[in-house]
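The next block holds one structure in the form of structure tokens; read it before the comments.
These figures come from a predicted structure and were not determined experimentally. Numbers here are sequence positions counted from 1.
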Amino acid sequence: MAEEFPKKITDFVKEHHVITVATDNNGQPWCFNAFYAFDENNQSFIITSHDDTRHIQEVLTNKRIAGSIVLETEIVGKVQGLQFSGEMSLCENDDEKRAKKVYNKRFPLTTLAPKILWEIKIFEAKYTDNTLGFGKKLLWSKNS
């Protein structure tokens with residue numbers, strides 16, 4: 001298991017629920033938004049999406065993604081955001097069981113709804129938090 005995220009990053013991620021993710025298909029980038037549940041133990045995001053979407057079709061050929069979570073504000077001193085890169089893959093077998101627990105805990109109303117779960121494993125992250133000082137950044141890497 002990788003070193004845990006700094007607490008500031010984990011706290012920020014847990015305060016939000018929408019993620020923006022970019023995929024790439026032969027140099028043609030595409031972004032999508034999704035509700036997410038954060039798996040603290042694995043530094044990963046769990047999302048649900050249908051197989052017929054453009055982003056899933058692209059992930060099936062290229063798992064590498066980049067993404068962000070941001071706090072919308074016009075006040076520069078309150079700017080906060082996470083940028084990351086990693087890989088996205090279908091949750092299967094034991095990973096699917098774990099992912100369902102994480103996702104259903106975050107979104108209990110979806111417990112009975114059929115869903116296809118995907119996991120975004122984070123390899124590198126940069127968190128900007130101007131509340132800690134203008135331009136203050138925290139860096140994290142799976143290999144650190």
Side-chain angles (χ1 to χ4, degrees), residues 1-73 75 78-133 135-144:
M1 183 170 70
E3 179 183 330
E4 290 182 18
F5 275 161
K7 184 175 179 345
K8 279 281 185 192
I9 296 177
T10 298
D11 291 346
F12 175 79
V13 168
K14 290 170 92 176
E15 289 175 5
H16 299 275
H17 59 274
V18 176
I19 194 170
T20 299
V21 179
T23 59
D24 177 75
N25 183 21
N26 295 322
Q28 295 297 313
W30 182 255
C31 288
F32 70 95
N33 296 310
F35 289 102
Y36 70 85
F38 183 60
D39 183 344
E40 282 185 67
N41 294 327
N42 293 291
Q43 288 85 39
S44 66
F45 299 104
I46 308 299
I47 68 165
T48 182
S49 190
H50 294 283
D51 290 342
D52 60 354
T53 60
R54 177 176 172 173
H55 57 272
I56 294 301
Q57 291 303 305
E58 291 183 1
V59 163
L60 292 174
T61 59
N62 180 3
K63 293 181 177 191
R64 297 289 296 169
I65 57 85
S68 67
I69 302 169
V70 299
L71 170 69
E72 283 195 45
T73 181
I75 303 167
K78 291 186 177 182
V79 168
Q80 294 175 310
L82 179 69
Q83 299 165 317
F84 60 89
S85 64
E87 285 187 353
M88 185 170 149
S89 58
L90 179 65
C91 295
E92 299 178 290
N93 304 319
D94 290 340
D95 284 338
E96 183 180 20
K97 291 175 188 172
R98 172 185 49 81
K100 276 186 182 178
K101 286 180 185 176
V102 171
Y103 198 85
N104 290 339
K105 182 177 180 183
R106 178 75 162 111
F107 301 107
L109 291 177
T110 69
T111 302
L112 298 177
K115 55 190 162 289
I116 301 170
L117 295 171
W118 298 82
E119 183 170 28
I120 298 169
K121 295 180 181 174
I122 304 165
F123 296 155
E124 186 176 7
K126 179 180 81 170
Y127 173 63
T128 301
D129 187 346
N130 281 0
T131 68
L132 301 175
K136 176 67 177 170
K137 309 222 184 323
L138 299 174
L139 303 175
W140 178 88
S141 172
K142 183 176 181 178
N143 298 323
S144 61

When rounded to the nearest 0.5 Å, the distance separating NE2 of H50 from NE2 of H55 is 9.0 Å
d(I46 CD1, W118 CH2) to nearest 0.5 Å is 12.0 Å
Between T23 and N62, is any pair of side-chain heavy atoms under 4.5 Å apart? no
Here the gap from I19 atom CD1 to I47 atom CD1, rounded to the nearest 0.5 Å, amounts to 7.0 Å
Going by heavy atoms in the side chains, are K63 and M88 under 4.5 Å from each other?
no
For N26, the side-chain contact (heavy atoms from CB on, under 4.5 Å) test, sequence neighbours excluded, returns none
Residues at least two apart in sequence or cross-chain that pass side-chain contact (heavy atoms from CB on, under 4.5 Å) with H16, listed by chain then number, are F12, Y36, I69, L71
Residues E40 and Q43: closest non-hydrogen pair is O-NE2, 3.2 Å
- Do Y127 and Q80 touch side chain to side chain, with heavy atoms closer than 4.5 Å? yes
Rounded to the nearest 0.5 angstrom, the NZ-CZ distance for K14 and F38 is 8.5 Å
Sequence neighbours excluded, the answer for side-chain contact (heavy atoms from CB on, under 4.5 Å) partners of T20 is C31, N33, S68
What one should report as the nearest heavy-atom pair of T48 and Y103 is CG2-OH, 3.3 Å
* Asked: Does some side-chain heavy atom of R64 sit less than 4.5 Å from a side-chain heavy atom of D24?
  -> no
Please determine whether the number of non-hydrogen atoms from other residues, nucleotides or ligands lying under 6.0 Å from atom CG of D94 exceeds 12. no
The reported gap from OG in S89 to NZ in K121 (rounded to nearest 0.5 angstrom) is 5.0 Å
Item to check | Derivation and outcome, salt bridge (Lys or Arg N to Asp or Glu O under 4.0 Å), residues R98 and D95 | outcome: CA-CA 5 Å; R98 172 185 49 81; D95 284 338; 3.1 Å; yes
Rounding to 0.5 Å, atoms NZ (K8) and CG (D129) come to a distance of 5.5 Å
Taken in chain and number order and not counting sequence neighbours, the residues that satisfy side chain to side chain donor-acceptor pair (under 3.5 Å) with Q83 are K126
- Could you check if a side-chain atom of W30 sits within less than 4.5 angstrom of a side-chain atom of N25, using non-hydrogen atoms only? no
For F35, the ring pair (Phe, Tyr, Trp, His ring centres under 6.0 Å) test, sequence neighbours excluded, returns H17, F107
For A125, the side-chain contact (heavy atoms from CB on, under 4.5 Å) test, sequence neighbours excluded, returns F5, L82, F84, I122, W140
